[in-house]
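Keep in mind that this is a model prediction, so the values were computed, not measured. First the proteins, then the strands, lettered A, B, ... as listed; each starts at 1.
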Number of protein chains: 2
Amino acid sequence: MTSKDVARVAGVSQSTVSYVMSGKRPISERTRRIVEDAMEQLTYQPNAGARALASQRTQIIAVVMPFDVALGATGLMAFIEEITLAARARDHDVLIVTAEEGVDGLRRVAGRALCDAVVVMEVSSDDPRAAIARELRVPTLFIGFPDDAEGLHCIDFDFEDGARLLVGELAANARVAALVWGSETVDRGLNYVPRFRAAAQAAAAAAGVALDWVPLERDRVEEQVRAVLAGGCEALLVTAHLNRVVHAVQEAGLRPGTDLDLVALATDVEATGFTVPLTAVSTHPRDVSRQAMTWLFDLLEQGSGPAQVQRVPASVTRRSSVRTGPTPRVPRP
Amino acid sequence: MTSKDVARVAGVSQSTVSYVMSGKRPISERTRRIVEDAMEQLTYQPNAGARALASQRTQIIAVVMPFDVALGATGLMAFIEEITLAARARDHDVLIVTAEEGVDGLRRVAGRALCDAVVVMEVSSDDPRAAIARELRVPTLFIGFPDDAEGLHCIDFDFEDGARLLVGELAANARVAALVWGSETVDRGLNYVPRFRAAAQAAAAAAGVALDWVPLERDRVEEQVRAVLAGGCEALLVTAHLNRVVHAVQEAGLRPGTDLDLVALATDVEATGFTVPLTAVSTHPRDVSRQAMTWLFDLLEQGSGPAQVQRVPASVTRRSSVRTGPTPRVPRP
DNA sequence: TTGTAAGCGTTATCAG
DNA sequence: CTGATAACGCTTACAA
């Protein structure tokens with residue numbers, strides 16, 4: 001089943017069939033109808049390989065995914081779903097590349113012309129893929145900021161903004177414990193950790209609250225939470241192991257929104273998955289990927305534009321995990 | 001950068017370069033070295049489109065993914081990671097197709113020759129994709145069992161087996177409440193729900209325990225758990241909304257493994273994400289996908305073998321959420 | 001408005 | 001063991 005068959009049935013030349021599909025030259029209404037009928041009748045579908053070969057366009061976006069996610073499965077899924085939908089909306093498909101493949105993965109999908117563009121997730125400060133990306137034949141979009149973003153296209157959630165908002169929600173407290181990403185994440189060089197930290201500390205200082213920075217370690221989460229609670233802290237800012245933290249709080253007989261304040265950096269579904277819905281800043285994985293894809297297709301259509309860095313703004317959703325009432329609250333900066 | 005360039009540099013014919021890569025005909029050690037050196041020097045990579053066109057092989061596996069997962073993000077991610085790794089291990093790549101595309105998605109990736117094979121996840125009883133699959137030019141593997149599996153290749157976790165094991169773990173109790181998938185999942189026609197149910201009830205009957213079947217509805221989970229607890233039930237078998245169920249239990253002041261027995265059908269990471277690690281049957285997403293991919297590549301190499309149905313065996317991991325001690329336990333069937 | 005024909009970069013068949 | 005060369009199915013000048 002090829003365009004040649006369609007041409008024969010329609011009684012036109014094969015190139016006409018091609019032009020009917022691409023619309024790259026005027027076709028009389030009559031011929032168009034005839035050809036389209038023939039295609040319909042034969043349930044013709046163009047061969048992707050042939051098309052890629054002739055047009056130098058695969059209509060495929062490669063996405064480099066980290067499966068051992070710091071991000072959490074929920075966020076990752078949202079990312080990839082949104083990316084796939086955005087791609088399909090523009091008649092493209094998505095190819096998955098494991099981050100495990102490292103720089104070779106990038107070289108492979110670009111070098112073999114398997115794709116027209118690449119999206120790289122969970123980029124670290126000293127990401128070796130940055131260097132490769134600068135020389136790739138295809139536009140590449142990084143989700144996350146390497147230290148040297150020169151010549152790259154990078155986009156990320158605005159963690160600084162998120163930190164400020166979260167601290168703002170807790171500003172009625174004299175002391176806040178930030179229960180955050182532990183060495184597992186820090187060691188991977190994901191620089192949103194220091195970015196978030198710096199902003200959180202600045203915001204805390206400005207609001208006059210003491211911020212206790214507590215990186216949570218996988219095998220000690222409960223213990224760490226208990227320690228913080230035992231210290232009399234009544235305001236928790238959580239960015240990691242949310243589930244276990246909330247459990248531990250409850251086990252200590254405390255209830256967010258009643259006995260203490262708890263805010264989180266989490267997706268909406270995570271924040272609402274508890275008995276007490278949590279006031280949270282969403283990492284907006286969907287917004288990030290939507291914006292990333294819009295940008296990527298711009299690059300694809302208008303040629304690689306100027307390199308730059310984009311941030312997706314943060315926003316708080318107030319739910320029931322922060323005490324309201326007579327306690328005086330300082331407005332957020 | 002094409003094989004022609006490599007040929008020129010190596011001083012051989014282009015076809016020789018091709019044969020060096022494919023190994024499909026004897027090449028003298030000398031020529032092979034020369035050619036390989038040239039490839040190295042030019043960092044040559046074969047063009048995927050051209051190769052697909054000429055060989056009728058894309059080296060791509062399409063995976064149809066449901067993003068609004070009944071399965072849970074963790075399980076889904078495990079699936080896709082394992083599938084991707086298995087594919088890469090055999091020099092294939094993975095293309096993501098959203099389940100949302102329905103039958104058209106299948107038609108598209110097969111019809112356009114975008115892939116060599118397809119994996120379809122979360123197959124329902126009356127899945128319309130089953131009919132399409134029978135006529136596809138590419139081997140198709142279903143994860144899940146449609147009612148009519150005639151002529152199809154289907155694989156799934158052995159939910160019946162899982163149900164039996166889980167009931168077995170609770171057999172010391174006179175009454176067990178099964179907190180299971182609600183209408184959301186049932187309505188999608190995922191037939192592992194009835195499969196699990198039938199097996200659970202049979203096992204309960206055999207063990208002389210009364211089984212209360214409680215489909216959990218998204219907006220009433222906590223309420224439903226409280227009701228079950230209020231009824232004095234001390235044995236919970238959970239297959240859905242695990243997080244919220246455990247929370248609710250704890251909020252009721254009860255502790256699994258101390259005040260009541262709780263077992264779950266969940267991935268290992270889910271089962272161990274609580275203060276009390278849960279005795280659970282893992283749905284083994286990784287085993288399922290590994291086995292699926294092995295089978296798929298067999299089909300790819302040996303031509304579509306006989307259609308059949310495969311089940312991935314269940315197993316319990318005993319942790320600390322079931323009370324042990326003097327209570328008499330009946331052995332599982 | 002349409003047809004003809006030259007690629008695109010491989011694979012694989014003939015010859016040698 | 002190796003070299004020509006004809007596909008593979010499409011896109012896109014170049015002609016008409």
Side-chain angles (χ1 to χ4, degrees), chain A residues 1-36 38-39 42-60 91 93 108-116 137-138, chain B residues 1-36 38-39 42-60 91 93 108-116 137-138:
Chain A
M1 185 65 313
T2 75
S3 60
K4 218 166 163 179
D5 299 308
V6 176
R8 193 161 16 74
V9 169
V12 301
S13 79
Q14 184 270 324
S15 67
T16 296
V17 175
S18 178
Y19 283 117
V20 165
M21 300 183 64
S22 70
K24 288 195 178 172
R25 83 177 180 191
I27 301 279
S28 76
E29 198 44 52
R30 193 178 115 74
T31 351
R32 146 164 292 120
R33 275 277 317 287
I34 297 178
V35 171
E36 280 171 348
M39 290 164 98
L42 302 179
T43 63
Y44 166 74
Q45 308 217 203
N47 180 292
R51 180 171 270 189
L53 180 56
S55 66
Q56 310 282 42
R57 284 290 205 154
T58 59
Q59 306 284 105
I60 287 180
D91 198 26
D93 272 289
R108 187 170 57 84
V109 293
R112 311 187 103 143
L114 267 164
C115 62
D116 296 335
R137 22 163 247 80
V138 299
Chain B
M1 186 63 312
T2 75
S3 59
K4 216 164 162 181
D5 299 307
V6 176
R8 192 158 21 72
V9 168
V12 301
S13 80
Q14 185 271 324
S15 65
T16 297
V17 175
S18 177
Y19 282 115
V20 166
M21 300 182 65
S22 70
K24 289 195 178 172
R25 82 179 182 190
I27 301 280
S28 75
E29 198 44 51
R30 193 179 114 72
T31 332
R32 146 165 291 119
R33 275 280 316 288
I34 295 178
V35 171
E36 280 171 350
M39 289 164 99
L42 301 179
T43 63
Y44 166 74
Q45 307 217 203
N47 180 292
R51 181 171 271 188
L53 180 56
S55 67
Q56 310 282 42
R57 284 290 206 152
T58 59
Q59 307 283 105
I60 287 180
D91 198 27
D93 273 289
R108 188 170 58 84
V109 293
R112 304 192 146 191
L114 268 164
C115 62
D116 296 334
R137 27 167 257 16
V138 300

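Two residues, B:Ser13 and A:Ala54, neighbour DNA chain D, and the one matched to the more 5' nucleotide by heavy-atom proximity is B:Ser13. Between A:Ser15 and B:Ser28, the residue anchored nearer the 5' end of DNA chain D, judged by the nucleotide with its closest heavy atom, is B:Ser28.
In terms of heavy atoms, B:Ile27 sits closest to B:Arg32 at CG2-N, 3.7 Å. When every heavy atom of B:Val20 is checked against every heavy atom of B:Glu36, the shortest pair comes out as CG1-CG, 4.2 Å. Here the closest non-hydrogen pair linking A:Met21 and A:Tyr44 is SD-CE2, 3.6 Å. Here the shortest heavy-atom pairing between B:Asp5 and B:Thr2 reads OD2-N, 2.8 Å. The two residues A:Thr58 and A:Asp116 have their closest heavy-atom pair at N-OD1, 2.8 Å. What you find for B:Asn47 and A:Ala113 is that their closest heavy atoms are ND2-CB, 3.8 Å.
In this entry the distance linking CD of A:Glu29 with P of C:dT2 reads 10 Å, nearest Å. In this structure, OH of A:Tyr19 is placed 11 Å from C1' of C:dA5, rounded to the nearest angstrom. Distance A:Arg30 CZ to C:dT1 P: 14 Å, rounded to the nearest Å. If you measure from atom CG of A:Leu114 to atom P of C:dT10, you get 12 Å, rounded to the nearest angstrom. Computed from coordinates, the A:Gln14 CD to C:dA5 C1' distance equals 11 Å when rounded to whole Å. Protein atom CZ of A:Arg8 is 17 Å distant from nucleotide atom C1' of C:dG3, rounded to whole Å. Here C:dG9 presents its C1' atom at 13 Å from CZ of A:Arg112, a figure rounded to the nearest Å.
Here the SG-CZ distance, from A:Cys115 to A:Arg108, works out to 9.5 Å after rounding to the nearest 0.5 Å.
At least one side-chain heavy atom of B:Ile60 sits less than 4.5 Å from a side-chain heavy atom of A:Leu114.
For C:dT2, one of the phosphate oxygens OP1 or OP2 lies less than 4.0 angstrom from a side-chain nitrogen or oxygen of A:Thr31.
No contact: A:Val17 has no heavy atom under 4.0 Å from any strand. Among the heavy atoms of the strands lying under 4.0 Å from A:Ser18 is at least one base atom, whether or not backbone atoms are also near.
For the contact set between residues 43-53 of chain A and DNA chain C, defined by any heavy atom under 4.0 Å, the members are A:Leu53.
Taking 3.5 Å as the limit, the base of C:dT2 and the side chain of A:Arg25 contain a donor-acceptor pair of atoms between them.
With A:Ser3 as the fixed residue, the side-chain hydrogen bond (donor to acceptor under 3.5 Å, both in side chains) test singles out one of A:Gln14, A:Arg8, A:Arg51: A:Gln14.
Nucleotides of DNA chain D that come within less than 4.0 Å of any heavy atom of chain B span, from the 5' end to the 3' end, D:dC1 to D:dG9.
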